[in-house]
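Here the structure comes first, spelled out in structure tokens, and everything after it is commentary.
Small disclaimer: the values here were computed from a predicted structure and weren't measured. One-based numbering along the sequence shown.
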Amino acid sequence: MPAEPIERLNYFQFQYLGAEDLLAQQAYHRDMRRRHNLGPHTVGIVTGLTIVEKPREGDAPFVDCYVLPGICVDGYGREIVVLEPVRIDGELFAAYNSDRHLELWITYDELAAQTATGGFASCTDAESYARLRETYRFAVGTIDPSHDEIVVAGRTAQPAATAAPDDTVIPEDESIPFQDFPDDERQARWLVRLGMCHWDGTVRKFRPAAAGTLADGRRYAGFVGSSLLAESGALRIAPRTAATDPDAADFATVDGRLQVNGRIVAKKDVYLHGSKLSLQAASGSDETIPLWLQRLPAGIGSGADLRIHIGDNPAKNARLTIGPGPVPATTATEKIVLGVRADDKVDIPTGRLRFGAQTRQHIDLWGVDDTAVAPYGIGVQSGATYFRTGGDFYWHLNGEHSDANGDPGNNGVRLMQLSAQGSLYFSNDFRQVLNMNTNGQSFGLGVQDRTLYQRSLSDFAWYRGGGPSLGYLDPGGGTRAMWLDSGSRLSVAGGVSSYSAVSLLGSKLEFLTGIGGTDTDPMEIMRANRAPDQNDLRVVIGDNEGGEDRFVVGPVTGLGFQEKFIVQNNGDVRVAGDFYIRGSKIPPAIDVVSGRCYVGQTAGGTQIVSVSASSNRIANISNAHIMVALADIGNQHTATDARWAVSWDGNKVIGGSNAVFQIKCEVGDSDGHLLAFNFVAVFYG
């Protein structure tokens, strides 16, 4: 079927024009305008047509929905114009009786208007109207498809996925300006989605829509062309209504490759979604050494890898370099603070590697478990640098790497070894391995057969801080930490830590104040022999029995020292927790209550009597026991088979400070009586 030709009216002098000619002229301009709407533009909302909600007066929480003035263009190029706010009639939603969000659509419509006046009507049977009103109507719900077919040259255009080679392909924006326009405007269906409304069909009213859903599904018109030029020299792309925060949501999208022949200035963050930032040479190629940055996905990396790629091969000329100064002209003039090379090497040619002032293990030399600190590394503690190893330490002279433990490698010599047990080994045995006096060996450290020794002419001293001084035991502005005088007496300014047993031979361990005194109260631990094979470990707390001096045991928590066990020198012992003797806990509180229970039994037989007893000292008892004894018994005549008994079988009910015991009362004589029994109840806290 051939397409209809494009024709317009050609005027000439004394031409006769009829209604058909005027309709053709009108159709020409209308169709060409619609083709223009679909050519450099695309289908959708041009401006306005926003859905808004207004509270219903006196009918909270319900609202009325309105469509504000605006214009849109459908896929047949028809303009749909709303000139004033329109209230959405709830009758459109009458078919929906549930509470839900529903789509709201608008479509083109035409209405005949202004019939011919008397005497001017057509003589035919057809109704005569002087006007056609271009208007619109609304539709509700899920509508798929939302429009009729698009016909080109008598054939239906097809989506790209199903189109044959000779079919017209429907573009993503569905705008085809060269289509055959439908003859029946009212029957030609093309709906434009305006958004969503929240319709509660149970009460047949609108409710406020969920945040962001009023504009859900809106489709705006766009532009089609190869160039967008600005006469002024400055091109601005921005929303027609300025946003409060331009960075709050996406605004523009480029679906395809973008080339910018000029500087790019970003005043906000730049996001790369799963792609790479490739750095090319001025020629636009990677010169066979690709350099790029990319976030690697979980299937390739850890899920959060920032990959900096420096070439495909382990070449030393592929580097990531960091440094100050101008653009380097040659390798010799290039300032490199840090260089990471593709051949597995990192260079710091001129500066120093700094780790900051936080104490930690700074360098992990070999770690296979990311959840723990590597057993091989270098770190800093407060006032100390340490080296950590999972085995031995070695010091080699020259040579090259070897994987064998302790092997100095080709042409290397092992100078020293520190074993995993803390032993330091030198390359030669039995000598004074450290000499502290260049003029001789009067001061030093050496090894003899089965002996490691330190040598001094007089005293040994250990200093902290300060500087060199020639004065006797002078720390040179520092602190004397420890010294061993010529009489072999050792003095330590700080604490003493031992990783093995400490033996005191016949002497005592004395605890003095910070200035070396006793504050009149000696505090000592010593071994005392009372007789052969009879020895005491004696703890001395003071020199009197007033109770002011104490032996205190407890932990140190965030609240400071907590006293848990105290022995006073007056003999008192205080325990903060439970106290056990031979595996049994001594209750922290005991209460004893006694009383008499009146039974009033005057004949033989057995009965169970409930005894209720309460503690006045323990609010919540944990256990209780009772002891019972006969109190008032007898018989009226001669005693025959006389026997009286009261007993407790262990049954009790405990609640709060009260306990109820079940007591069994027995009378053997038929005329005997048991009037009362006594009890003693014991309560445990």
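Within the 4.5 Å cutoff, side-chain heavy atoms of Arg204 are placed close to those of Glu91. Taking the side chain as every heavy atom from C-beta outward, His198 and Asp99 approach each other to under 4.5 Å. Between Glu174 and His147, the closest side-chain pair of non-hydrogen atoms falls below 4.5 Å. The closest side-chain heavy-atom distance from Ser146 to Trp105 is below 4.5 Å. Here the side chains of Val46 and Val73 are in contact, with some heavy-atom distance below 4.5 Å. No side-chain heavy atom of Tyr66 sits under 4.5 Å from any side-chain heavy atom of Val86. Proximity of Val43 to Asp173: side-chain heavy atoms (C-beta onward) are nowhere separated by under 4.5 Å. Within the 4.5 Å cutoff, no side-chain heavy atoms of Val380 are placed close to those of Tyr386.
Side chain of Arg131 to main chain of Ala113: no donor-acceptor pair is present (N/O by atom type, distance under 3.5 Å, no hydrogens or angles). Put simply, the side chain of Thr557 gets close to the backbone of Leu559: a donor and an acceptor are under 3.5 Å apart. Panel note: side chain Arg100, backbone Gly201; no donor-acceptor pair is recorded below 3.5 Å. Distance alone, capped at 3.5 Å, places no donor-acceptor pair between the Asp59 side chain and the Arg56 backbone. Side chain of Thr42 to main chain of Gly222: a donor-acceptor pair is present (N/O by atom type, distance under 3.5 Å, no hydrogens or angles). Side chain of Gln294 to backbone of Gly274: a donor-acceptor contact under 3.5 angstrom is found. A donor-acceptor pair under 3.5 Å links the side-chain atoms of Arg218 to the main chain of Leu49, judged by distance alone. For the pair Asp180 (side chain) and Ala153 (backbone), a donor-acceptor distance under 3.5 Å is present. The backbone N or O of Ser285 lies less than 3.5 Å from no partner atom in the side chain of Glu287, so there is not a single donor-acceptor pair. Counting only distance, with no hydrogens or angles, the side chain of Asp184 and the backbone of Gln187 share a donor-acceptor pair below 3.5 Å.
A pairwise comparison of heavy atoms in Ile289 and Ala318 identifies CG2-CB, 4.0 Å as the closest pair. Ala157 and Ile176 get closest at one heavy-atom pair: CB-CD1, 4.2 Å. Summarising the geometry of Lys316 relative to Asp343, their closest heavy-atom pair is CB-OD2, 3.2 Å, with the distance given to 0.1 Å. Minimum interatomic distance between Ala163 and Val169 (heavy atoms only, all atoms of both residues): CB-CG2, 3.8 Å. Nearest heavy atom pair, residue Tyr76 against residue Pro182, reads CD2-CD, 4.0 Å. The minimum heavy-atom distance between Ala342 and Ala315, with the atom names listed, is CB-O, 3.2 Å.
Looking only at atom types and distance, the side chain of His362 has no donor-acceptor partner in the side chain of Asp364 under 3.5 Å away. With no hydrogens or angles considered, no side-chain donor-acceptor pair links Thr359 and Gln381 at under 3.5 Å. With 3.5 Å as the limit, one finds no donor-acceptor pair spanning the side chains of Arg8 and Gln25.
Using a cutoff of 4.0 Å between basic side-chain nitrogens and carboxylate oxygens, Arg78 and Glu185 are scored as salt-bridged. Ionic pairing of Lys54 and Asp64 is not present here: no N-O contact between side-chain nitrogen and carboxylate oxygen is shorter than 4.0 angstrom. Using a 4.0 Å cut-off between charged nitrogen and carboxylate oxygen, Arg193 and Asp216 count as a salt-bridge pair. With salt bridges taken as basic N to acidic carboxylate O contacts below 4.0 Å, none links Arg319 and Asp347. Here Glu103 does not pair with Arg219 in a salt bridge; the nearest charged N to carboxylate O distance is not below 4.0 Å. Taking the charged nitrogens against the carboxylate oxygens, Asp305 and Arg295 have no contact shorter than 4.0 Å, which rules out a salt bridge. With respect to the salt-bridge test (charged N to carboxylate O, under 4.0 angstrom), the residues Arg155 and Asp166 qualify. Under a 4.0 Å N-O distance rule, the pair Asp200/Arg207 qualifies as a salt bridge.
Note: Leu277 CG to Leu272 CG = 6.0 Å, rounded to the nearest 0.5 Å. Remark: Leu228 CG to Phe223 CZ distance equals 8.0 Å, nearest 0.5 Å. Distance check: Leu17 CG to Tyr11 OH gives 6.5 Å after rounding to the nearest 0.5 Å. Atom CD1 in Ile348 sits 4.5 Å away from atom CG in Leu353 (nearest 0.5 Å). In this structure, Ile150 CD1 and Ser175 OG are separated by 8.0 Å, a value rounded to the nearest 0.5 Å. For the atom pair CG (Leu279) and CG (Asp286), the distance works out to 11.0 Å, reported to the nearest 0.5 Å.
Within 6.0 Å of CD1 in Ile237 there are 12 or fewer heavy atoms belonging to other residues, nucleotides or ligands. Surrounding CD of Gln15 are more than 12 heavy atoms belonging to other residues, nucleotides or ligands, all under 6.0 Å away. Under a cut-off of 6.0 angstrom, the local environment of CZ in Phe387 is sparse, with at most 12 non-hydrogen atoms contributed by other residues, nucleotides or ligands. Residue Gln26 places its CD atom among 12 or fewer non-hydrogen atoms of other residues, nucleotides or ligands, all under 6.0 Å distant. Few gaps surround CG on Asp245; more than 12 heavy atoms of other groups in view lie less than 6.0 Å from it. Atom CZ of Arg33 sits in a crowded spot, with more than 12 heavy atoms from other residues, nucleotides or ligands closer than 6.0 Å.
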Self-check item: Phe138 vs Tyr136, ring pair (Phe, Tyr, Trp, His ring centres under 6.0 Å): CA-CA, chis, key distance, verdict
Solution: CA-CA 7 Å; Phe138 296 109; Tyr136 53 85; 5.6 Å; yes
Exercise. Step by step, work out the side-chain contact (heavy atoms from CB on, under 4.5 Å) result for Trp199 and Phe206.
Key: CA-CA 5 Å; Trp199 173 252; Phe206 293 105; 3.7 Å; yes
Quiz prompt | Audit row: Val224, His41, side-chain contact (heavy atoms from CB on, under 4.5 Å) steps and yes/no | solution = CA-CA 6 Å; Val224 178; His41 313 101; over 6 Å; no
Quiz prompt | Criterion side-chain contact (heavy atoms from CB on, under 4.5 Å) on Met196 and Leu104, from CA distance to verdict | solution = CA-CA 6 Å; Met196 302 277 281; Leu104 180 64; over 6 Å; no
Practice problem: Before giving the answer on side chain to side chain donor-acceptor pair (under 3.5 Å), spell out for Gln280 and Ser278 the whole-Å C-alpha distance, their side-chain angles and the decisive distance to 0.1 Å. | Solution: CA-CA 6 Å; Gln280 305 291 309; Ser278 182; 2.5 Å; yes
Practice problem: May I have the step-by-step check of ring pair (Phe, Tyr, Trp, His ring centres under 6.0 Å) for Trp190 and Tyr108, ending in yes or no? | Solution: CA-CA 7 Å; Trp190 196 296; Tyr108 178 87; over 10 Å; no
Quiz prompt | Steps toward salt bridge (Lys or Arg N to Asp or Glu O under 4.0 Å) verdict (Arg189, Asp148) | solution = CA-CA 6 Å; Arg189 183 174 66 101; Asp148 294 336; 3.7 Å; yes
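Qualifying side chain to side chain contact (heavy atoms under 4.5 Å, CB included) partners for Leu258, counting only residues two or more places apart in sequence or in other chains: Val254, Val260.
Put simply, the residue from Leu191, Asp74, Ile80 that forms a side-chain contact (heavy atoms from CB on, under 4.5 Å) with Ile106 is Ile80.
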